[in-house]
Structure formats: structure tokens, C-alpha cells
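Written out below as C-alpha cells is the structure these notes cover.
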Amino acid sequence: MGDEVTDYFENYLEKDSLFRNKAVLSSNHLPEEIKHRDDQLNQVAKIIAPCLRNEKPSNLFVYGKTGTGKTLAIKHTKDKLEKIAETKKIPLKIIYLNCKLKRIADTEYRLVAELARHFGKNIPATGLPTDEVYNIFFKALESDTKQIILVILDEIDQLIRKAGDEIIYNLTRINSELKNTQISIIGISNDLLFVNNLDPRVRSSLSEEELIFPPYNALQIQDILRARARDAFKEGCIDAGVIEKCSAFAAREHGDARRALELLRVSGELAERNNQERIRIEHLDEAEEKIERDRIIDAVKSQPKQFQAVLYSLLSIMQNKKEPLFTGEIYEQYKQFCPDAGLRPLTQRRVSDIIAELDMLGVINAKVISKGRFGRTREISTPLSSSIKVKMMKLTKDELSA
DNA sequence: CACCGTTCAGTTGAACTAAGCAACGGAATTCGG
DNA sequence: GAATTCCGTTGCTTAGTTCAACTGAACGGTGGA
């Protein structure tokens, strides 16, 4: 047995990797050239250019589905802008924050604290009044010379849904309170409708300029994939048709380029792992399943114990019962299970919220339905294949007993 | 059969509480002269 | 007597709880054809 492993390692070393540079395929890689987004890039440039002359640019609101290059385009512009600002000694500070990251920027307090940290202030995670944090932030911003701050809030819809829209209002307030510092906000959102339920004042100030990123079509994705694949893989190790199929997959899913890239990367990894010299179409299917599995497992892993306990209960019911499940049964099971895991059971109110959040994560599908005289509940099913379910049961169980 | 009020099992929103943290300020301790 | 450390108090955020209002379609009854 041991020899097999040794052999494998030796083989592994001798064998050439299929990849030339795997990083090119990762979703946070910034390519030199962004394809099929010229219009948007130009627009962004036009809108934020004034900050090079030390004037406050308009606030910008960018939306488009996932994987349409929003973040990429903005980051790209940010880099260029920073470079120019540096060489020309323009006092410009750009801060990029992803509001979706829990515990970083998902409440008003945490957001402002995080902003202040970018200015070298140390802000505790809790204990201070929010006003105080604003004050610290203001102080940090105050300066004798004119300067422009550009705050990029990625996935801003998540932030506002959780913490209300006053944040934006408060941030824009800074402009009137500080003489020499002006702050502009660039909001990025996946949700096209989310602007509609915003306070009109906030709405008009946030979206002084708007920019829409349409989904890529299959041909554009192909183009992008080809370009990246050229850098990422060694010559001639992709079967004909792989790129085409990959982009067709992605185009079907509302033109999500990120997904296409990930698919390609994972296919490459799988091919390599199986000691193949080329990436075949079969690898794509396999990759698709693996991605889904990894995504969900990652999502679950990073959740608190109570989440996992709820999920575990849910899955264990699902083992001996056909879908759909209802909140009541899950709560009962969960209550029974809690002592085993050494957890204090939460109230149903909270569990109800947890189920809603699991739904958001895409681990389960939950829909509120009315069962007529038999009340109202969430109807819960899961999009997962049974192999993932088994894996997840194991995972949650391990995490809970650890 | 169509219409309508009732009913149930959660959902959802709002107000409230406990836990954990930081800052503040006064009391206790230490220290050098 | 001054400087430093310690400790209790106050006021904050956040996760979770409690309370209560709300929901929406199936059930079962009613009346009309």
C-alpha cells in the first residue's frame, strides 16, 4: 500500500503539470486586458476621472448578475487609478470592501470600523458607540490638504438589507462636514431590484450615475476562456470542444464567466489528478459536480454550530422521509438532537431564521407556503445529490462533536 | 357548485435581554525622595 | 506626594429571546341553481 503512495508521489513529480499558471483561472485574478467590457470600462473611467483633478466624482452604482465582470472592471480601474495617482502625487485613497464577508462589513458599525482601520486606526470589535466610531473615522479623514476618498462597496445590497440604508446617508454626510476631504461611493450589486426599496434620498445620492453590466453571451465567454486558457495551460492540452462546452454551460447560467473559469480550472485539476495529458469533455461534467459539492461544503463549514445542528437535524430527517420537509418537524428533531451535541436549543423563532439563511446559502430550498387550514410553514427540499447529503451529514457531525 | 368565513402552524416584525467589550474615573498600590 | 495599576461602573454592539400581530389557502358550511 505504502509503495503505491510512494509511486504516486514519484510519478507526480516526474510528470509535467498541465498548468502553466493556474492563478490565471482563479476568480480574483486580474487579467491585463478585459474583454467585451470596453463600454463599461470607459464609462467608469469617465465617471471617476474627476478625482484625478481633486474633484469629487459622482457616486456610482453598478449592477449586473454574478460573473459579469463588475468587480473585475472596478478593481481594474482602481488599480490604474491608484497607479496614476501615485506617480502624479495626487492625494487619492481608494478602499475596496466586500460587504458580504461576515464579520467584516455586514453591519453599520463593522463597516465604519473597517473603513477607519484602513486609515490606521484601531477599532475594537465591540464596545464603542457607532457615533464614536464615526468620529474616529472623521478625525482620521481630516487633513489640511484636499483629498478624495473613493469607497467601493461590493455586494452592497447585502449590507443594506441587513443594516438599513442610513449607512449610505451617513457616509455622504461626511462630505458636508469635512472641508478638505470628499468621499465618493461606488456601490456594486447583483440585485437589480434592490434600488427600488431604498429611501428615495439615499437612492438618488447613491446612484448619481448608474452602470449596468449585461451578461456575457456564449461567444464572449468563449473568447474570454480562450484568452485565459492560453495563459493558464500548456500548449495543446485541451481537447477540442472543451472550451465551447464550458462556455455553453456558463451562458446557460445567465452568462456567468466566473463559473466558466472555475469549471475550466477544476476540469484541469481533475485531468491532472487522473494522470491524463489532456482535458476531455468528460472532465467538465465531473468538475461541475465537484464545484457544487465544494461550494456547499465550504459554505456549511464556515457556519456557526447552531447552523450545523439545524442542518444535521434536517438531513437526518431527510434520510428516512421523502421531501418536502416542514419547519415543525425539523425543529422537533433539532430540539432532541441539541443535548447530544451539547448545545442549548434555540427558540423556534431563531431556527426559523436559520432555515431562511440556509436557503440563502443555497444549501436548501425553502419556500413559505400555506397549507390551508393546516397552517403555514416553510416547505423545504434540497437541490443536493444524495452523495453530497451523506458527506454533509458526516461533516456536520464531525464539526459538532469536535 | 360557487362563495365565504374560520382555522391552523408558522412567519415576521419589534421590543427586549444577556453576554462581551472598551473607556472612564476613582481607589489602592507602588515608588522615589 | 506623584505615578501606576486595579477595579467597578457605564454605555455600547450583537446574537438571540419574547411577544404579538399577521398570513393565506384548505376545510366545511351556506345558499343558490
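Note on naming: letters A, B, ... go to the chains in the order of the sequence lines (proteins, then strands), and numbering restarts at 1 for each one.
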Polar side-chain atom of A:Thr377 near backbone of A:Thr327 as donor-acceptor pair, under 3.5 Å: yes
Closest-nucleotide 5' rank along DNA chain C - winner of A:Pro129 and A:Arg110: A:Pro129
Base B:dG20 paired with A:Thr126 side chain (donor-acceptor, <3.5 Å): yes
Side chains of A:Lys78 and A:Glu82 in contact at under 4.5 Å (non-hydrogen atoms): yes
Nearest-nucleotide comparison on DNA chain C, the residue closer to the 5′ end among A:Gly127 and A:Tyr109: A:Gly127
Between B:dT11 (P) and A:Arg376 (CZ): distance, integer Å: 8 Å
Derivation and outcome, side-chain hydrogen bond (donor to acceptor under 3.5 Å, both in side chains), residues A:Asn190 and A:Tyr63: CA-CA 6 Å; A:Asn190 302 321; A:Tyr63 38 18; over 6 Å; no
Short side-chain N/O contact from A:Thr327 to OP1 or OP2 of B:dT11, under 4.0 Å: yes
Nearest-neighbour nucleotide for the A:Arg373 side chain, B:dT11, C:dG28, B:dA22 considered: C:dG28
Presence of A:Thr130 side-chain N/O under 4.0 Å of C:dT13 phosphate oxygens OP1/OP2: yes
Length of the OH-C1' vector between A:Tyr334 and C:dG16, whole Å: 11 Å
Pair A:Ser205, A:Thr172: side-chain N/O donor-acceptor within cut-off below 3.5 Å: no
Polar side-chain contact A:Ser370-C:dG24 base: donor and acceptor under 3.5 Å: yes
Euclidean distance, atom CG of residue A:Leu128 to atom P of B:dG20 [Å, nearest integer]: 18 Å
Distance-only donor-acceptor test (3.5 Å): side chain A:Arg349, base B:dG13: yes
B:dA18 phosphate, OP1 or OP2, under 4.0 Å from A:Arg344 side-chain N/O: no
A:Lys35, NZ: over 12 other non-hydrogen atoms inside 6.0 angstrom: yes
A:Lys371 NZ to C:dG24 C1', straight-line distance once rounded to whole Å: 13 Å
Interatomic distance, A:Gln348 CD vs B:dG13 C1' [rounded to whole Å]: 16 Å
Rounded distance (Å) that lies between atom P of C:dG11 and atom CG of A:Asn135: 18 Å
Separation of atom CG in A:Asp131 from atom P in C:dG11, rounded to whole Å: 14 Å
Euclidean distance, atom OH of residue A:Tyr331 to atom C1' of C:dG16 [Å, nearest integer]: 12 Å
